[in-house]
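If you read the sequence from its start, that first residue is 1, and numbering goes on from there.
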Amino acid sequence: MASIFTKIINGELPSYKIHEDELVIAILALDQVNPGHVIVIPKEEVNHWFDVPADAYTRVGLVAQKIAKAQKEVTNCPRVGTIVAGFEVPHYHLHLIPAWSIPDLDFKRAKRLSDDEMKSIQQKIVTALK
């Protein structure tokens, strides 16, 4: 059965897309730990990060660097934390979370924002990427 991320990649589910190329997609996390929380996902569905093909794994990192710079600019955060947990969806993904301190990376903080808030965040990050 396809993961929720594969369904997003295939256009079966909506998302707030930040970036897409032939190997990866980046979207706003549905539950935002902090506003601007992005997930970078290889298009190939692979459960464990250490099994991701090298080209896709490298692309995730390179795309994450670019997005993190845009997140830092948009949110004025001093850091963008990265987390690979892998428990909630069996498809490798890298969380990029704007943070001001270590507690800002706690997934218990995650909450759903309105569609308007998500679209605003999406637009700001996409604009900062250009």
For residues 52-69, pull every pair meeting salt bridge (Lys or Arg N to Asp or Glu O under 4.0 Å), keeping only residues two or more places apart or in separate chains. D21-R59, E22-R59
Could you state whether [X] and [Y] fall into the same hydrophobic cluster, counting links through intermediate Ile, Leu, Val, Met, Phe, Trp or Tyr residues with side-chain heavy atoms under 4.5 angstrom apart?
| X | Y | answer |
| --- | --- | --- |
| I4 | V38 | no |
| F50 | L94 | yes |
| V33 | I39 | no |
| F5 | L30 | no |
| V84 | V89 | no |

Is there a side-chain contact (heavy atoms from CB on, under 4.5 Å) between Q32 and I121 once you walk through the steps? CA-CA 11 Å; Q32 296 275 289; I121 293 166; 4.2 Å; yes
What distance separates [X] [atom1] from [Y] [atom2], expressed to the nearest 0.5 Å?
| X | Y | atom1 | atom2 | answer |
| --- | --- | --- | --- | --- |
| I41 | E20 | CD1 | CD | 10.0 Å |
| H37 | K111 | NE2 | NZ | 14.0 Å |
| K17 | I125 | NZ | CD1 | 15.0 Å |
| N47 | Y92 | CG | OH | 12.5 Å |
| L113 | L28 | CG | CG | 9.0 Å |

Decide yes or no on side-chain contact (heavy atoms from CB on, under 4.5 Å) for F107 and I83, but give the supporting numbers first. CA-CA 10 Å; F107 281 84; I83 297 174; 3.6 Å; yes
Is the backbone N or O of [Y] less than 3.5 Å from a side-chain atom of [X], with the two atoms forming a donor-acceptor pair by type?
| X | Y | result |
| --- | --- | --- |
| N34 | D104 | yes |
| H93 | A85 | no |
| D106 | K108 | yes |
| Q71 | P98 | no |

Give the intermediate values and the outcome of side-chain contact (heavy atoms from CB on, under 4.5 Å) for residues K43 and L23. CA-CA 6 Å; K43 287 186 171 179; L23 293 177; over 6 Å; no
Closest non-hydrogen atom pair between [X] and [Y], with its separation:
| X | Y | value |
| --- | --- | --- |
| I8 | P14 | CG1-O, 4.1 Å |
| V46 | P53 | CG2-CD, 4.2 Å |
| V80 | A68 | CG2-O, 3.6 Å |
| I9 | P42 | CD1-O, 3.9 Å |
| H91 | S3 | ND1-OG, 2.8 Å |

Students should find that the hydrophobic cluster of L62, defined by side-chain heavy atoms under 4.5 Å apart, otherwise consists of none
Other ILVMFWY residues reachable from W100 by side-chain steps of under 4.5 Å: none
Any side-chain heavy-atom pair of I97 and C77 under 4.5 Å: no
So, do L96 and T82 sit near enough that their side-chain heavy atoms are less than 4.5 Å apart? yes
With side-chain contact (heavy atoms from CB on, under 4.5 Å) as the criterion, how do V40 and I67 come out once you've worked through the C-alpha distance, each side chain's angles and the decisive distance to 0.1 Å? CA-CA 9 Å; V40 185; I67 292 171; 4.2 Å; yes
